[in-house]
Every structure is written in C-alpha cells, then in structure tokens.
Amino acid sequence: MSKRTLGSLLVGVLIGLAAGIYLGWVQFPVEYTNSSMQALAPRYQEEYTVMVSEGYLVDRDVNAALQRLAPLEKQNTPGYIQDLTERYISQSNFPAIPSMVALAEAMGRLTPLMEVYRVPVAPTPTTPGAQ
Amino acid sequence: MERGGITRPGVAWIGLLLGLAAGVGLGLFYTWQVDPVIELNTAPWQLNATAREDYVIAIALSYAQNRDLTLAFDRLRAVAPDRNVWQVVADIACARHKSVQIASNSDVVVMRALEQLYSPQGARGCADGQYPTPAPAVFMTPTLTITPATPLQPPATKTPASDPAIPTATPEMIPTSPPTDDRFILARVESYCDPAQEGLLEVRIFDARGQGLRGVPVQVSWGGGQRDQFFTGLKPGREPGYADFQMERGRSYQVSIPGLVSDPRSLEATTCQAGAGGQMATVTASYRVNFQQQAN
C-alpha cells in the first residue's frame, strides 16, 4: 500500500468517524422502546402524577394512589407530592391544584399553603375487611 | 499523481472511501453500542407494556374525574400514536379483566373508568358490560317513614312491667311496583339498635331467585349533594350480595342501585336506646336494606 493510499485511508477514517459519531448521537440516536415509568420525561411524570391524583378523587383510595405512583420510584412519594403541589400553587396551575392538594392531604402532607385549596372530604364507606 | 518518477501529493479515492466507510461504521458502533445516548425525556409511547398500561389507567381515571375527552385523547395519542387509541384502552381493559383479580373497590372503579372511556367511542373488548355503571343518583327530599311499633299489651295474668316499653322501629315491607326486565325493587328496610354496630348501613342485593348478587355498585347520597359508592361481594366472610356503609349520626341518607325502579328511601341516622352491659345506652341506629331483582 502506497503512502498516498494509506494517508487517504486515514483521512477517510477520521472523517467517517466524525460523521458516524454525529449520526449516532445527534441525527439518529438510539431510541428506547421498552422504558420504565422512571425514565419518563419530567413533564410526563408530572402529568402522570396529576392523573393519579384525579383518580384519587374518583375512588378516594390513597393506597391505590400510592401503588400507582410506585413505578415512578421516587425516594419519598409523599414528599414528592407535597413539592409538586406547592410548585403548582406557586405557578397558579389551577386545574391540577385541587386534586393534588387532596392527595397531599390524604398522605398527611397538607401544608398551610394548601389549606385554601382543600377539597371537602366525604365520609368514607366501610372498606372490605376493615370492620 | 506520479509522473516521470516525481511523487506529487494527491488523493487515493479508493482509500478515502474505504476509510470513510470504516470510520462511519466505527462511529455508529461506538454511539449505538458502546456509549449510546443516555435515556432522557422518554415519551409515553416508549414505555414498556406494564408502564403503558399504568399510564392508560391513569388517563381513564383522570377522564372519570374531569370528563375532558379531548385531553384524554391527546394523552392517549402520546401513548399509542400509530394505533386506534380507543381500541388500545379496550384491549387493556380486556387484559385486566382476564388476568387481574378484581379484588377491591378501586379495581372495579378502574374497570369502569376504562369502559367509560372506550365504549362511547365505538371500541369493543371482552370487558364490555362486566362492570356496570350505576344509574344516576336520585336526590329526593328526605322523608322519615319509620314508625314506632305499638307497645305490646301484657297478658292479663301477668303483672305489668314498671318500665315503659322502649319503642323500636319495625321491619317494613315496601310495596312492589309492576315487574320489568332486569329491574330492582327496594324489598325491605329495617332499623335496629346495636351498640356493637352503631350507624351501620347493611345492604343486601338478591337476584330473582333470592341468590346474593356480587359486584353490584351501591350508591349512597347524603346532605349537600355528597355521595359515595361501593360494591357488593367485597366483604370477606360475608355473603356475595352484601355490602355496608358507615353512617354518621344525625345525617339523612339515601341508597340507590342501578335499575332501581322503586322510589329511594331516606334513612335517618337517628339515635336509639339499646341495652349494653345491663345498662341502657344511646347509640346511632343501624339499618338493613334489601334490594330484590324482579323476575322477567
């Protein structure tokens, strides 16, 4: 192999490597299609949390809500609910506030900031096996 | 180029192309296999099957609360952008119906929320109609209809008791309306005093043959437009058609189930006197309420 060919090969490798890295990281990055809830983008995690809190208003089952939030794998779920609720209040995200406050209250995380947004709690029916 | 023994700088095109191909291959191998992009900002459609099911259930529960179909559709489209989103919900409901043991009120609420979301949009699945939606609650002005029984007259040969008889409410049979298909009537309302079960509202639902019916939603409403719902057959150790609800003293309650053709009755959680440990105590009255399916 002549020096000229070898030089062209090396230049080609360098240019190709740069192009390959650009394509692999920027243009066509790996797309994951079997992800866990924990890997969801923050905005979707928060949307999921709000949906769970709205579900809590439907069934008033705080244990079920905790089970639904478990896949997010937050270290402290009640603390996460409290933080998110207070952030929504500070951002005046009104559609999400009542249900989030209700869930925070059910988890024992009702803070003075949330008091004004409380949802009246109805008496709970006797749960199976609780009597 | 080389002419007459003189070497000039130039490009060997074959070498360059081979180098490019090898370089691109190495670059892609490194970025896809060795050091891929860190997984961030995952969208719902990238979730695995379990997480996707959790997400869809959350969407259905949210819809059950806010009734915003457009919002639910947008959220579902983020989960399954290339599929009929309503059929996705129906399929998940079907899978849960087949594989998951429906063990709690919350499980039943989830199944109903899923069906309420997909069924009106024309999707169909094996869970159709398995978890019926309760009929709308009927709110009526409470009317107290419990009548104290007439004290029994002692036999002439016995000495009358010095203590006055304590009035107690009597079981009352409710007149039935003409039979219609798959309808229920309020068959019995009975109050009782029990210190061990204060303010307990016991509901039993029977089919036309007198067998208890499991999984029937029971709706209880009380003052201020408040209401709650629970299901029969979820109480361990009790009969299939049984469910109960804890009342609060002083409130007036109404019980209703889907397909109830007789008028709802108002039940007052009043006080009554009951013997406990040799002494009379004031406790909250309890009720037994039976619903009976009418024969076709």
Side-chain angles (χ1 to χ4, degrees), chain A residues 1-25 28-37 39-44 47-48 50-52 54-61 63-64 68 71 95 99 120 122-129 131, chain B residues 7 9-32 36-37 39-44 46-48 50-51 54-55 57-59 61-62 64-66 75 78 104-106 109-110 113 200 220 226-230 234-236 244-246 248:
Chain A
M1 187 179 290
S2 69
K3 283 184 179 178
R4 191 177 57 140
T5 306
L6 191 61
S8 297
L9 191 66
L10 281 175
V11 169
V13 166
L14 288 176
I15 295 173
L17 204 56
I21 288 174
Y22 171 77
L23 291 172
W25 275 348
F28 307 108
V30 173
E31 281 190 339
Y32 297 88
T33 56
N34 200 28
S35 304
S36 67
M37 196 73 86
L40 268 181
R43 62 163 282 225
Y44 289 116
E47 184 174 58
Y48 177 76
V50 171
M51 291 191 289
V52 169
E54 289 173 329
Y56 169 71
L57 288 185
V58 175
D59 62 12
R60 291 286 180 184
D61 188 339
N63 290 323
R68 290 176 188 130
S99 60
T124 53
T126 307
T127 54
Q131 193 178 323
Chain B
T7 302
V11 176
W13 292 105
I14 292 179
L16 186 65
L17 288 175
L18 284 174
L20 273 173
V24 170
L26 283 171
L28 289 178
F29 175 75
Y30 182 77
T31 55
W32 286 353
V37 171
E39 188 177 11
L40 286 175
N41 294 324
T42 297
Q46 294 172 287
L47 293 172
N48 60 42
T50 306
D54 290 341
Y55 204 88
I57 287 170
I59 291 171
L61 287 172
S62 172
Q65 203 274 328
N66 61 30
R75 286 168 167 170
S104 67
N105 275 1
S106 186
V109 168
V110 165
L200 190 67
V220 175
Q226 299 181 88
R227 60 180 129 169
D228 218 319
Q229 181 178 285
F230 48 99
L234 297 177
K235 195 87 172 177
D244 59 16
F245 179 89
Q246 192 63 47
E248 286 186 353

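Letters A, B, ... mirror the listed sequences (proteins, then strands); counts begin at 1.
In terms of non-hydrogen atom pairs under 4.5 Å with chain A, the most contact-rich of B/I57, B/V109, B/L61, B/L47 is B/L47. Ranked by heavy-atom pairs under 4.5 Å with chain B, the first of A/P95, A/G12, A/P71, A/A64 is A/G12.
For B/T42 (side chain) and A/A39 (main-chain N/O), a donor-acceptor pair under 3.5 Å exists by modelled atom type. Checking side-chain atoms of A/S8 against main-chain N and O of A/R4 turns up a donor-acceptor pair under 3.5 Å.
In plain terms, the two heavy atoms of B/Q65 and A/E54 that are nearest each other are CG-O, 3.4 Å.
B/Y55 and A/Y44 have perpendicular rings, their planes meeting at more than 60° on a 0 to 90° scale where under 30° would count as parallel.
Of the two parts of B/V110, only the side chain, counted from C-beta on, holds a non-hydrogen atom closer than 4.5 Å to a non-hydrogen atom of chain A. Looking at A/Y22, there are no atoms closer than 4.5 Å to chain B (heavy atoms on both sides), in backbone or side chain.
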